[in-house]
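What follows is one structure encoded as structure tokens, with my remarks underneath.
Computed from a prediction, not measured in an experiment: that's the story for all the values here.
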Amino acid sequence: MPRKDTRFLDEQGKVLMLGNEALVRGCLEAGVSYVSQYPGTPTSDIGEYFHQVLRENPEFKEYLVHHWAVNEAVATSACAGAAWTGCRSLNPMKHVGLNVASDALSVIALNGPNPGGMVVSIGSDPGSLGSHQEQNERFYAWMLHLPTIEPHTPQECKDWIKIAFDLSEKYDLVFDFRMSTRSAHSRGFVELEPLKKGKGKGEFIRNIPKFNSLPPHAINNHIRLYERIEKLRAAIPELGLNKIISGDNKIGIITSGMPFGYTMEALEQLGLNDVPVLKLGMIYPLNYKEITNFIQNLEKVIIIEELEPFLELKIAEIAQNQRINVEIIGEKFFPKYNEFSTGLVATCLAKIFNKTPKDQMIKAIDYFNSYKEIIPSRFPTFCTGCPERATLYSILKATNSLENTVICGDIGCYVMSFFPPQECSDLIICMSGGISAAIGMSTKTEQQIIALIGDSTFFHTGMPPLAEAVGYNSNVLLIIFENSWTAMTGHQDDVLRFLINKGFSIEKICKAIGVPWLRVEDSYNPKKLTRTIEEALKIKGLKVIIIKRECALQAHRWRMNQVKELEVKGEKIKEEVYQIYNCQMCYECARILSCPAIRRTVINERETMQIDEDRCIKCGVCFKICPNAAIHKSIFNALEKEVPFREI
């Protein structure tokens with residue numbers, strides 16, 4: 001039996017935690033009682049930890065609720081609803097999720113979360129480490145008036161999320177607790193404090209002017225929002241979120257979050273120990289006096305921040321308004337893209353201070369860069385046996401390698417389809433952007449248009465564009481991957497799983513919306529699927545093919561668990577093994593199907609393809625598509641019990 005993780009239970013002590021773990025611990029110490037989110041890196045594991053807490057400690061269910069929402073807009077409104085009953089609610093999401101949530105959040109911020117408190121925890125992603133783009137979501141703080149706290153260490157993640165909730169309640173403001181991929185997944189020691197039980201039940205008290213932001217209340221709430229922001233601005237110096245590392249140098253630095261760590265390491269490397277540094281814990285709003293006091297006696301101020309200038313613009317504005325003659329340096333020396341590192345910050349600071357980096361640092365950077373020449377680039381790829389990989393194979397075969405065909409991709413595991421060797425995605429916008437783009441494109445080109453979407457994305461935002469495609473009978477083939485899981489973010493037991501367990505059916509939704517041509521196929525039967533795609537592309541108007549096959553990772557895990565249970569009982573299992581003989585090196589399996597369990601090797605001085613039995617999950621697709629019948633299937637214990645993949 002696995003050991004219980006007491007880090008979320010202990011009332012005191014020092015423990016090692018990731019940033020996201022520390023954030024969850026802070027919420028438990030703050031009395032948070034409602035959490036809602038749509039999974040997305042780097043915030044998915046926040047929900048995982050809440051579920052772990054609830055699973056291991058059922059007593060928390062008396063007051064703590066976590067929901068996997070169908071999308072970010074639903075999650076944000078749900079959190080507002082909980083806060084308006086007097087509870088504390090947390091709304092985690094990745095940076096691009098804020099685009100989806102912003103419609104609701106723009107009004108919720110006007111209304112304010114009182115009588116409860118509400119914090120949105122945004123996971124930024126400089127460098128696009130787990131996202132399709134590195135959008136600088138900080139500018140939403142200005143537009144929506146979201147006070148924004150940005151922690152650096154796991155200890156700050158725990159301590160400051162509690163401060164965020166206290167301030168949210170005190171000033172009736174929705175707070176943005178800004179994490180990043182690095183701060184979310186960096187590890188450090190955290191001092192624990194007592195847990196606080198959240199509200200089990202609250203009560204909504206009717207207040208039409210506050211909760212109905214339409215004229216004339218919208219204007220009044222806007223005025224009230226500015227008043228609340230200014231009260232918070234005045235209180236910032238007393239909060240202890242911002243701190244100064246003193247120094248006598250006439251060039252100072254202002255930074256926040258993870259760049260603060262890079263900055264301090266870089267200054268150490270360069271031997272610049274006299275540079276004053278203002279570390280901002282709250283990056284919006286800024287306290288004018290605090291900034292003025294720091295910059296007024298300096299000749300230059302360096303702003304170190306990732307992505308487009310956010311702090312730089314506001315600090316330059318403050319200097320201008322206060323008539324302080326100081327040079328503000330930022331984007332002129334620091335890139336506005338990708339994530340930073342100690343080496344990058346040190347290199348930029350060396351230019352500004354006219355310093356030569358230490359030999360040790362130059363050697364370390366050169367040593368790191370030298371491996372780019374040695375280690376080959378490896379593209380992300382689909383798992384062995386992935387039904388989406390098999391679907392791409394059928395698309396490529398049905399369209400003669402995409403001849404006169406446009407593939408409108410989408411967000412999910414299938415984003416990897418644009419990588420070699422398939423290169424089976426021509427555009428990717430956002431969740432459900434593929435079918436939406438296909439609708440417009442179909443009116444302006446004679447090319448064949450295929451749009452892709454997954455089942456989780458279909459529930460997220462996919463049904464409205466499908467309804468439009470039905471309404472206009474758009475000449476598009478939509479392929480829906482129904483793999484039964486929100487797979488790319490970690491197979492969360494989310495609302496999709498709940499709906500599936502209730503018998504929810506994408507096929508029935510498509511029929512109810514009025515899809516005129518609908519087929520349900522299995523990509524593990526690639527030749528039949530290829531013929532169905534060919535048939536669909538000959539028909540004008542909207543066509544939908546649902547690929548019904550469970551995510552290979554989950555299907556294989558389930559199957560192997562079933563096999564082990566039977567073997568423990570002493571039962572023999574029917575086994576299938578696939579092997580390659582007399583390979584003609586046509587590369588059908590390696591370059592078109594591109595299965596990672598198949599590799600090129602040399603046996604008896606003859607080049608051949610070979611199946612890695614440790615990686616093969618026995619899906620059988622390669623056996624069915626080999627044009628030279630070089631892949632053979634052997635059956636052992638043919639008369640014994642068969643354990644197939646489960647049906648969905």
Side-chain angles (χ1 to χ4, degrees), residues 8 16-30 32 35-50 66 72 75-76 79 89-102 105 118-131 133-141 144 146-165 167-168 174-188 190 241 255-262 279-284 305-307 310-311 338-340 489-490:
F8 297 107
L16 199 60
M17 282 186 153
L18 295 171
N20 278 348
E21 290 176 321
L23 185 152
V24 171
R25 171 69 200 205
C27 288
L28 297 176
E29 293 180 8
V32 170
V35 185
S36 185
Q37 66 182 110
Y38 182 82
T41 305
T43 60
S44 299
D45 47 333
I46 292 174
E48 301 281 5
Y49 299 133
F50 274 112
H66 179 281
E72 292 85 356
T76 298
C79 284
S89 63
L90 177 73
N91 181 205
M93 68 187 80
K94 67 183 298 161
H95 60 318
V96 291
L98 187 52
N99 298 331
V100 181
S102 62
L105 196 54
M118 178 174 168
V119 175
V120 294
S121 180
I122 309 299
S124 63
D125 193 17
S128 295
L129 300 173
S131 311
Q133 48 107 327
E134 58 176 359
Q135 162 189 311
N136 190 346
E137 89 300 330
R138 291 181 296 174
F139 295 99
Y140 273 109
L144 305 184
L146 302 176
T148 303
I149 294 174
E150 186 171 23
H152 170 228
T153 65
Q155 184 70 58
E156 290 178 352
C157 291
K158 184 194 78 77
D159 294 340
W160 291 3
I161 192 74
K162 295 195 293 182
I163 293 173
F165 276 107
L167 296 174
S168 176
V174 178
F175 265 70
D176 171 7
F177 197 77
R178 186 178 193 253
M179 303 288 284
S180 71
T181 301
R182 294 300 178 189
S183 64
H185 299 139
S186 294
R187 188 174 269 110
V190 175
L241 296 172
T255 186
S256 66
M258 294 308 291
F260 168 75
Y262 306 141
K279 175 182 180 286
L280 294 174
M282 185 173 289
I283 62 173
Y284 174 80
E305 57 183 331
E306 292 174 316
L307 305 178
F310 175 81
L311 293 173
N338 214 338
E339 64 172 346
F340 286 5
T489 58

Criterion side chain to side chain contact (heavy atoms under 4.5 Å, CB included) on Phe175 and Leu146, from CA distance to verdict: CA-CA 5 Å; Phe175 265 70; Leu146 302 176; over 6 Å; no
Evaluate the side chain to side chain contact (heavy atoms under 4.5 Å, CB included) criterion for residues Ile122 and Phe177: first the C-alpha distance (whole Å), next the side-chain angles of each, then the deciding distance (0.1 Å), finally the verdict. CA-CA 6 Å; Ile122 309 299; Phe177 197 77; over 6 Å; no
In sequence, state the C-alpha distance, the side-chain angles, and the governing distance for Val35 and Val24, and then conclude on side chain to side chain contact (heavy atoms under 4.5 Å, CB included). CA-CA 10 Å; Val35 185; Val24 171; over 6 Å; no
When you look at Glu72 and Asn91, which way does the side chain to side chain donor-acceptor pair (under 3.5 Å) test go after all the steps? CA-CA 9 Å; Glu72 292 85 356; Asn91 181 205; over 6 Å; no
Test side chain to side chain contact (heavy atoms under 4.5 Å, CB included) on Val120 and Leu105 and set out the steps. CA-CA 10 Å; Val120 294; Leu105 196 54; 4.3 Å; yes
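When atom types are taken as modelled, the side chain of Ser131 and the backbone of Ser128 share no donor-acceptor pair closer than 3.5 angstrom. Side-chain atoms of Ser168 come within 3.5 Å of backbone N or O of Met118 as a donor-acceptor pair. Side chain of Glu29 to main chain of Lys158: no donor-acceptor pair is present (N/O by atom type, distance under 3.5 Å, no hydrogens or angles).
Nearest heavy atom pair, residue Pro92 against residue Ser36, reads CD-O, 3.5 Å. Minimum heavy-atom separation, Phe165 to Cys27: CE1-SG, 4.1 Å. Nearest heavy atoms, Leu307 versus Asn136: CB-ND2, 3.5 Å. Scanning all heavy atoms of the two residues, the minimum distance from Met17 to Ala22 falls at SD-CA, 3.7 Å. For the pair Pro154 and Ser186, the tightest heavy-atom approach, listed with the atom from each and the gap, is CG-O, 3.7 Å. Nearest heavy-atom pair, Leu23 versus Ser121, reported as atom, atom and distance to 0.1 Å: CD1-OG, 3.4 Å.
A salt bridge does not link Arg25 with Glu21: every distance from a Lys NZ or Arg NE/NH1/NH2 to an Asp or Glu carboxylate oxygen is 4.0 Å or more. Under the 4.0 Å criterion applied to side-chain N and carboxylate O atoms, Glu137 and Lys94 are not assigned as salt-bridge partners.
Contact annotation: the side chain of Leu144 never approaches that of Val174 to less than 4.5 Å [non-hydrogen atoms, C-beta and beyond]. Contact annotation: the side chain of Pro42 approaches that of His185 to within less than 4.5 Å [non-hydrogen atoms, C-beta and beyond]. Here the side chains of Glu156 and Thr153 are in contact, with some heavy-atom distance below 4.5 Å. A heavy-atom distance below 4.5 Å is not found between the side chains of Lys162 and Leu167. Inter-residue side-chain proximity for Leu18 and Tyr49 is flagged as met; some heavy-atom pair is nearer than 4.5 Å.
Not counting sequence neighbours, the partners of Glu305 by the salt bridge (charged side-chain N to carboxylate O under 4.0 Å, His left out) test are Arg138. With sequence neighbours excluded, the residues that form a salt bridge (charged side-chain N to carboxylate O under 4.0 Å, His left out) with Glu339 are Arg182. Here Phe260 pairs with His152 under the ring pair (Phe, Tyr, Trp, His ring centres under 6.0 Å) rule; sequence neighbours left out.
If you take CD1 on Ile149 and CE on Met179, they are separated by 12.5 Å, rounding to the nearest 0.5 Å. Distance check, rounded to the nearest 0.5 Å: CG of Leu280 to CG of Leu241 gives 10.0 Å. Expressed to the nearest 0.5 Å, how far OG of Ser44 lies from CG of Asn20 amounts to 9.0 Å.
Results of the ring-ring contact (aromatic ring centres under 6.0 Å, His included) test with Phe310 over Tyr284, Tyr140, Phe139 single out Phe139 as the only residue that passes. Across Thr41, Thr181, Thr43, a single residue satisfies side-chain hydrogen bond (donor to acceptor under 3.5 Å, both in side chains) together with Asp125, and that is Thr181.
Using modelled atom types, one finds a donor on one side chain and an acceptor on the other under 3.5 Å when comparing Glu150 with Ser256. Using modelled atom types and a 3.5 Å distance limit, the side chains of Gln37 and His66 yield a donor-acceptor pair.
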